[in-house]
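The block underneath contains the structure these notes are about, expressed in structure tokens.
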2 protein chains.
Amino acid sequence: MSAEPNAKPGIPDATVARLPGYLRALGQLTGRGVSSVSSEELAESSGVSSAKLRKDLSHLGSYGVRGVGYDVSHLSYQISRALGLTRDWPVVIVGMGNLGRALASYGGFATKGFEVVALLDHDPQVVGAVIDGLTVEPMSALARLSAEGSASIGVIATPAGSAQTVADALVAAGVTSVLNFAGGVVHVPEEVHLRKVDLSTELQILAFHEQRRAGGAGLPDVAQVARGMS
Amino acid sequence: MSAEPNAKPGIPDATVARLPGYLRALGQLTGRGVSSVSSEELAESSGVSSAKLRKDLSHLGSYGVRGVGYDVSHLSYQISRALGLTRDWPVVIVGMGNLGRALASYGGFATKGFEVVALLDHDPQVVGAVIDGLTVEPMSALARLSAEGSASIGVIATPAGSAQTVADALVAAGVTSVLNFAGGVVHVPEEVHLRKVDLSTELQILAFHEQRRAGGAGLPDVAQVARGMS
DNA sequence: AAGTGTGAAGTCTTTCACAGCT
DNA sequence: AGCTGTGAAAGACTTCACACTT
């Protein structure tokens with residue numbers, strides 16, 4: 001209870017969620033040979049306001065130079081360090097359906113900071129397949145990962161119905177962070193960090209805004225609105 | 001300037017983002033034959049607190065019965081209506097790589113409220129392929145969708161480098177909401193709604209928490225803290 | 001008795017605007 | 001002169017706790 005998932009002596013959640021964006025923008029600047037950048041410029045590249053950017057960075061420390069701006073490579077390093085990307089985190093992906101395959105070969109993992117150490121699937125027909133250089137293993141391989149202590153981040157890409165079972169297995173194997181792409185609610189122990197990405201949810205949020213744009217009216221107490229015009 | 005993308009006479013963004021979760025939980029209850037539910041129970045199924053749930057629902061209207069709870073099917077309908085899911089929104093997916101294929105066949109679209117009307121890809125080698133019953137078309141097909149007025153929500157599943165170009169094309173074709181799975185920042189006109197889903201970002205946020213768990217101490221500079229006090 | 005709906009208090013986040021350093 | 005870093009103000013969101021309804 002009093003132990004929030006958020007006992008932070010340090011960096012606010014909202015800030016943490018934006019740091020990856022800054023890091024990416026800095027990477028692009030590096031690629032273009034830019035070595036120094038102002039908060040105004042970096043904010044523009046990242047799609048936030050400069051005040052927000054400065055406040056965010058101020059939580060990491062004082063890495064800018066007044067009157068000048070930020071050194072691109074130094075700031076990149078500091079953000080990487082704050083995010084814990086100066087070492088590699090082992091990632092296990094469970095569920096090698098379309099989505100799992102996409103994730104396994106997605107460039108996101110190529111980003112420094114992560115290494116896919118195992119691809120798992122429940123289906124014997126899928127086990128043994130080679131995806132992006134890794135052989136798909138059965139769920140029982142979790143025991144090995146657990147013993148090796150090489151389970152740290154787990155990604156769930158199974159159908160929604162299996163998500164809780166998979167999450168339980170991951171937690172039992174020592175995984176302490178879970179990224180859930182399967183729909184539905186998954187419960188994990190207090191000390192395990194869980195994040196959720198769901199296509200339906202995203203689409204439904206967009207639908208809300210589409211409707212607002214079109215409808216205009218749609219207030220709560222308006223009873224039955226016109227049925228399908230189509 | 002003062003014109004926020006967010007002039008809401010109605011429902012707070014944070015609430016809108018949770019409504020899909022309630023809707024899913026209600027669907028499960030319906031499947032189990034439950035016809036009435038309390039805020040406590042529905043909150044538990046949705047992974048939120050009951051106070052938050054009640055406050056959220058209060059923004060839609062007063063659809064509960066004191067001393068009793070909520071009627072499952074009526075509440076489902078009201079949430080669907082609030083989200084704009086009482087009609088179908090046409091969705092265009094651009095980029096038929098691994099991710100695009102996964103999205104095209106993902107159950108998320110099967111959820112009532114959306115219809116995939118086109119799959120597009122820039123690569124002539126991919127055009128013509130049939131995925132989940134739809135034939136992949138070239139980017140030029142956007143002109144047709146635009147003329148039909150059947151472009152409403154666009155999903156970008158291309159490599160990051162093409163994202164801005166694709167977004168521009170979608171907007172030109174009349175798309176008013178965009179869901180971007182490609183990394184990087186994409187700019188769209190004020191009136192177009194944009195949401196972003198990025199694997200790297202999610203992993204990096206998890207890495208932060210993993211590190212916090214492990215590292216414990218190691219805060220960057222303590223010197224600066226003292227400075228601010230003087 | 002049970003459980004919703006909601007003001008009010010509390011917490012977190014963003015924005016403002018400017019002091020302070022280079 | 002220019003740009004960062006940051007208190008203070010404003011705003012958004014969450015939690016509390018209870019009046020009110022069935």
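Residue numbering restarts at 1 for every chain, and letters A, B, ... go by the order of the sequence lines. Given the structure is predicted, the values throughout are model-derived calculations rather than measurements.
- The interatomic distance linking B:His59 (NE2) with D:dA12 (P) rounds to 12 Å, in whole Å.
- One interatomic measurement links the two molecules: CG of B:Asp13 to P of C:dC12, which rounds to 20 Å at whole-angstrom precision.
- Per the geometry, CG belonging to A:Leu75 stands 16 Å off P belonging to D:dC3, to the nearest Å.
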Please tabulate, one pair per line, all N/O donor-acceptor pairs under 3.5 Å involving side-chain atoms of residues 153-165 of chain A, not counting sequence neighbours.
from     : atom 1 : to       : atom 2 : distance (Å)
A:Gln164 : OE1    : A:His187 : N      : 2.8
A:Gln164 : NE2    : A:Asp168 : OD1    : 2.8
A:Gln164 : NE2    : A:His187 : O      : 3.0

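- Of the residues listed (A:Leu170, A:Val175, A:Val166), the one engaging A:Leu142 in a side chain to side chain contact (heavy atoms under 4.5 Å, CB included) is A:Leu170, and it is the only one.
- What separates CG of A:Asp71 from P of D:dC3 is a distance of 16 Å, to the nearest Å.
- Regarding A:Tyr63, its OH atom lies at a distance of 18 Å from the C1' atom of C:dC21, rounded to whole Å.
- Annotation: side chain of B:Arg195 is in contact with side chain of A:Leu206 (closest heavy-atom distance under 4.5 Å).
- Remark: B:Ser49, B:Lys52, B:Arg54, B:Lys55 in residues 35-57 of chain B come within less than 4.0 Å of DNA chain D through at least one heavy atom.
- A distance-only check finds no donor-acceptor pair linking the side chain of A:Trp89 to the backbone of B:Leu203 [under 3.5 Å].
- Regarding A:Tyr70, its OH atom lies at a distance of 18 Å from the P atom of D:dG2, rounded to whole Å.
- Residue-to-nucleotide proximity on DNA chain C shows that, of B:Val68 and A:Ala14, the 5′-proximal contact is made by B:Val68.
- In this structure the side chain of B:Thr176 never reaches within 4.5 angstrom of the side chain of B:Glu191, judged on heavy atoms.
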Atom pairs and distances, side-chain donor-acceptor, residues 21-37 of chain A, under 3.5 Å, sequence neighbours left out:
from    : atom 1 : to       : atom 2 : distance (Å)
A:Tyr22 : OH     : A:Asp56  : OD2    : 2.5
A:Arg24 : NH2    : B:Asp198 : OD2    : 2.4
A:Thr30 : OG1    : A:Leu26  : O      : 3.0

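- At whole-Å resolution of the value, CZ in A:Arg66 and C1' in C:dC18 are 11 Å apart.
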